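The structure appears below as structure tokens.
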Amino acid sequence: MKKKMTNTFIACAIVLIAFAAAFITNANACSDCKVNAAAFTGNIEERLPQTIIQKIVEDFINNPLVTGKERKKVLILGYDGFREDGLNNISDLENSAVLSIMDSGGLYHSFAGGLKDSPQAASTSPGWGSILTGGWHDYHGIVDNGLPKKDVPTIFESAVQKGYSTTFISSWGEHFNTVYTQDILRAQLLNEPSQYILAKNDEDSKNQTIEAIHQDFDIIMAIAEYTDNAGHSSGFSNDNPLYQEACQKADQWGKEILNAVESRENYSKEDWLIIITTDHGGLEQHHGGQSDEERNTWFAVNQPIAINEEWLNYHK
Ligand SMILES: [Zn+2]
């Protein structure tokens, strides 16, 4: 009798657990969403360091031209403070830049803020600094906002040495008056084909980026501030309609830039590497700390990438 009751209890428990599991799965599922957990190329345990973006770009530049193409071009679009779960706000967005590139390449989990318990803040200057140099704070020196980059090369400087022209566009002044000041001075002094443009706002940065595409620059990076601005003013959260809207605006800003790329006269003969990413996440109305909400980032790429294990050593 006791055994029968035990069996009945176990059977009931299994049914309850199965019911709960089904409920949880449904609660998290989005049948029409392209951007949910299933949309990512790797699983969440394979979260890549944001430094890998520099490696992907360098690898692309160093590899031979593919058959049928005459020129290599790179476009990096940055959505400042765009949380990973913010991607759910663009899952059925018309004119989404992320959706338009991820199917031909991939969408990856990544992280900001250095290795675990690092002093590197999950903030703007360290984040873009890691993306542009391929190292963490002990390499580029940007532990937090307000600090200049050490004299280590960015994607732009390496590309210029190989004969490419570059453009960096953002409406956030600290890139220009603190982080990359030495690079800007050197580019001017040596008359390098490398321009750094402080835009007035996101509309202006979009227009200036489209202009740089028309002007035939080879390596172009532009950053939109919609999401970071919304997060700081009213909360980095999908419960915040203003943040949701900012995610959509950022991605439509990106799509207008992609349209300019695709309308280039020689587009079919050009090999474009396109990456869309963010510098950090956010929590409540701030970021910089080591919580998952602040550290978790993502990137989308328009081409398949072969990840070299050495790239995961995080440092040069
Ligand atoms: Zn930022």
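Every heavy atom of this structure was used, including side-chain atoms; hydrogens, water molecules and symmetry mates were not. Atoms within each ligand, like the ligands themselves, are counted from 1 in listed order. A quick note: this is a predicted structure, and the numbers were derived from the prediction, not measured. All residue numbers refer to positions in the sequence shown, counting from 1.
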| request: Please find out if the Zn ion (ligand 1) and some N, O or S atom of T278 are separated by less than 2.8 Å. | output: no

| query | Do any N/O/S atoms of H280 come under 2.8 Å of the Zn ion (ligand 1)? | reply | yes

| Charged N to carboxylate O below 4.0 Å: is that the case for D202 and K249? | no

| task | Output the atom name for the N/O/S atom of D279 with the smallest distance to the Zn ion (ligand 1). | result | OD2

| query | Can you tell me the N, O or S atom of D80 that's nearest the Zn ion (ligand 1)? | reply | OD1

| field | Pair W298 and F82, ring centroids less than 6.0 Å apart | value | yes

| said: Run F156 and F168 through ring-ring contact (aromatic ring centres under 6.0 Å, His included) and show every step you take. | reply: CA-CA 8 Å; F156 307 123; F168 175 72; 5.6 Å; yes

| task | Kindly say whether the aromatic ring centers of W136 and F111 come within a distance under 6.0 Å. | result | yes

